[in-house]
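Here's the structure we're looking at; comments come further down.
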Amino acid sequence: PVAIVETIMSCSTNMLTTHRSMFRMNSSGLRAVATRAGGIRGARPYPNSSRGLLRVWANDDYTKPSGPARAHGVTVRRRTESRTTSEHISAGFVRFRDPYNGKFPARGEQQTVNAIAAAAGQPEPATAGSFFDAKLFSMIVLIAGTTIGGGTLSLPAAASAPGFFPSAAALLTCFMVLFLEGCLMVEVTVRMKAEGSAREGEPVSFEQMAERTLGKIGGNAIGLVYQFYSYASILAYVAAVGEIVSLLVKGALTSAQGQVATVFTIWAVILFLGKRGIESVNEKLNYVFLALMATIIIVGLGQVNPGVMAAHASWVKAPAAAGILLFNVVFHDIVPLVCQYLDYNVKKINTAFFLGGGIPLVAYLLWIAVALGSSAAAAGGAFVDPMMEIMRSGSAQGKVVQVWALLAIGTSFIGCGMAQAEYEASLMRQFMEPRWKNFTSEVGKKMKSLWENGLLDQLSYASVLLPPLAVSLMFLALGHGSLAYKAADLAGAYGVSILYGILPPVMAFILRRQQAEKKIATDVSTTPGGPVLLLVCFLFGMGVTVRETLSYFV
């Protein structure tokens, strides 16, 4: 727990000297005095706060507001002409705000507060007696959970042509490149925050990065690429879920009917539970999915035959799997959230990327080993995915795998679909808000009321769920089969490789050059590797996209 003390200030004297610090107000008569009671280690503004939030901490422990730590705390006093109130805290936040009218200081006053607080002293200590960083750990878990999803089903098929060792090498390469790309995105984010071009108090979105470095047209173009990536991902999940549902109900529904049933069931659940409800359910389903996947891997490893796994290796076919591999190891959609949550601490963010991305990497390697090491060769040497064979067997083990597969696709589908629906809703809102003033009739007012009370949400869900479903059903009707694998490959080879392969080095290069030319001192460390790293990452992303394009003509 932390204690909160609110007051408004315009600072004059030094803040938090060894023994005491005093803040005085201008005309409001409010004053706060922070006195040393056993030792103050330092104070600083809470990162990215536009509301004057200040963290104060003591010698040893800044997590306990009472008890033994009390002697090391800080006394903060608010004074007016009529009364005085005091609070003793060993840790917490002092927010500079008038407690009576609730107003925050003006921007100029806030800058004064920040400048004095920044000069107060020392880096914030870790929690006494513990090396555990709860915020870092939560981001590692978030990245790992975001990365592992429905794309897992496509890995055995992608790895079957090159074999285990070439696929493992390609997967490791994709992971390392995307990790470095993530580091470049962090550099761009922190540079934008340092130069003041990012919106204060908000995460720096990928579109903001693109607009800052590539201009308005570039930002809009990247928005279109992101739309393609999102809809290709949703199409992959819609196309894959049909066969799984058909197997679960023992053929009572066809693949097409399974797709329709799943899409409208998810839509109905969203209507019934609401956004927060479906997100809470999805989070719990994710835990079940991960537990089942761990169980399947553990059981499957006991049946792996190393000879079968190593019997086939075709290194020249490994690049063809890059699209699927990238689709499975990407986590960069949540980079803005991770940066904001970890207070733009580059070292912590990169640690979260490496460990959070490394967990799925290990899981995927084991998954491919189980699939390729325990599969039998069908007539003609064709690869047989053991998971699909188990699901089609009708056994109790097959039912477990069917449930796992449904959860893998369903949780990813819900997460990706909800995020895209929010994005579509923001675009619709941006389009309609300036136009509502023209709807002055009673009918227009009723339409606006409907729009604000649920119609906008339903239109955003429809725009996300129905187009992928229609495309998938059309291809099934034309006899082209499921689009699940192809859509995932397109999402990785174009969406991931352009957004998170080609663009981060380009944005980092432009921002470095512009800030160097303008002599903007940002005190931001450059990602190691210099221009060579930028070139390697750029060529990797470009190579994946070009290879995918040429495959349609060769």
Side-chain angles (χ1 to χ4, degrees), residues 138-139 141-153 203 227 230-231 233-249 252-253 256-293 331 333-334 336-337 341 399-400 402-429 432 447-470 472-473 484:
S138 66
M139 288 298 99
V141 173
L142 176 65
I143 292 171
T146 301
T147 306
I148 300 177
T152 312
L153 288 168
Q227 290 278 62
S230 297
Y231 277 98
S233 301
I234 296 170
L235 175 59
Y237 300 139
V238 170
V241 77
E243 184 177 0
I244 306 301
V245 171
S246 180
L247 290 171
L248 270 171
V249 297
L253 296 175
Q257 291 169 340
Q259 292 178 26
V260 173
T262 302
V263 167
F264 283 95
T265 298
I266 290 176
W267 197 348
V269 172
I270 294 173
L271 283 174
F272 181 73
L273 297 179
K275 293 179 183 178
R276 291 186 178 181
I278 192 65
E279 287 171 357
S280 177
V281 170
N282 199 46
E283 182 181 358
K284 293 176 176 61
L285 292 177
N286 260 305
Y287 296 141
V288 179
F289 154 67
L290 293 173
L292 286 176
M293 182 175 180
F331 57 83
D333 292 354
I334 61 170
L337 172 65
Y341 192 76
K399 287 295 181 185
V400 172
Q402 288 172 9
V403 172
W404 166 82
L406 184 63
L407 289 174
I409 298 170
T411 53
S412 298
F413 183 19
I414 292 172
C416 185
M418 290 295 290
Q420 187 62 21
E422 289 286 345
Y423 180 74
E424 296 297 336
S426 68
L427 293 180
M428 294 178 188
R429 192 179 296 110
M432 286 300 300
M447 289 179 60
K448 183 179 179 181
S449 178
L450 287 173
W451 176 270
E452 294 173 345
N453 291 282
L455 180 60
L456 172 61
D457 290 336
Q458 300 313 313
L459 289 175
S460 66
Y461 299 144
S463 68
V464 168
L465 298 175
L466 298 183
L469 176 62
S472 180
L473 293 178

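Interatomic distance, Trp404 CH2 to Leu406 CG, rounded to the nearest 0.5 Å: 11.0 Å. Taking CD of Gln227 as the reference point, atom OH of Tyr423 lies at 5.0 Å (rounded to 0.5 Å). Note that CG of Leu292 is 6.5 Å distant from CG of Leu407, once rounded to the nearest 0.5 Å. With rounding to the nearest 0.5 angstrom, the CE atom of Met418 is 11.5 Å from the CZ atom of Phe413. Rounding to the nearest 0.5 Å gives a distance of 12.0 Å between CZ of Arg429 and CG of Leu459. In this structure, Asp457 CG and Glu422 CD are separated by 7.5 Å, a value rounded to the nearest 0.5 Å.
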For residues 144-152, tabulate all N or O donor-acceptor pairs below 3.5 Å that involve a side-chain atom, not counting sequence neighbours.
| unit_1 | atom_1 | unit_2 | atom_2 | d |
| --- | --- | --- | --- | --- |
| Thr146 | OG1 | Leu142 | O | 2.7 |
| Thr147 | OG1 | Ile143 | O | 2.7 |
| Thr152 | OG1 | Gly149 | O | 2.7 |

In residues 284-291, what donor-acceptor pairs under 3.5 Å come from side-chain atoms, sequence neighbours left out?
| unit_1 | atom_1 | unit_2 | atom_2 | d |
| --- | --- | --- | --- | --- |
| Lys284 | NZ | Ser280 | OG | 3.0 |
| Asn286 | ND2 | Asn282 | O | 3.2 |
| Tyr287 | OH | Glu283 | OE2 | 3.1 |

Throw together a table of side-chain donor-acceptor distances under 3.5 angstrom for residues 258-266, partners on residues two or more places apart or in other chains.
| unit_1 | atom_1 | unit_2 | atom_2 | d |
| --- | --- | --- | --- | --- |
| Gln259 | OE1 | Ser472 | OG | 2.7 |
| Gln259 | NE2 | Ser472 | OG | 3.3 |
| Thr262 | OG1 | Gly258 | O | 2.8 |
| Thr265 | OG1 | Ala261 | O | 2.5 |

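Between Ser463 and Met428, the closest side-chain pair of non-hydrogen atoms falls below 4.5 Å. Proximity of Leu466 to Trp267: side-chain heavy atoms (C-beta onward) are separated by under 4.5 Å at one or more points.
Residues Lys399 and Leu247 come closest through the heavy atom pair NZ-O, 3.8 Å. Between Ala239 and Ala484 the shortest heavy-atom distance is CB-N, 3.4 Å. The two atoms that bring Pro468 and Ile234 nearest to each other are CG-CG2, 3.8 Å, heavy atoms only. When all heavy atoms of Ala421 and Ser460 are compared, the closest pair comes out as O-CB, 3.4 Å.
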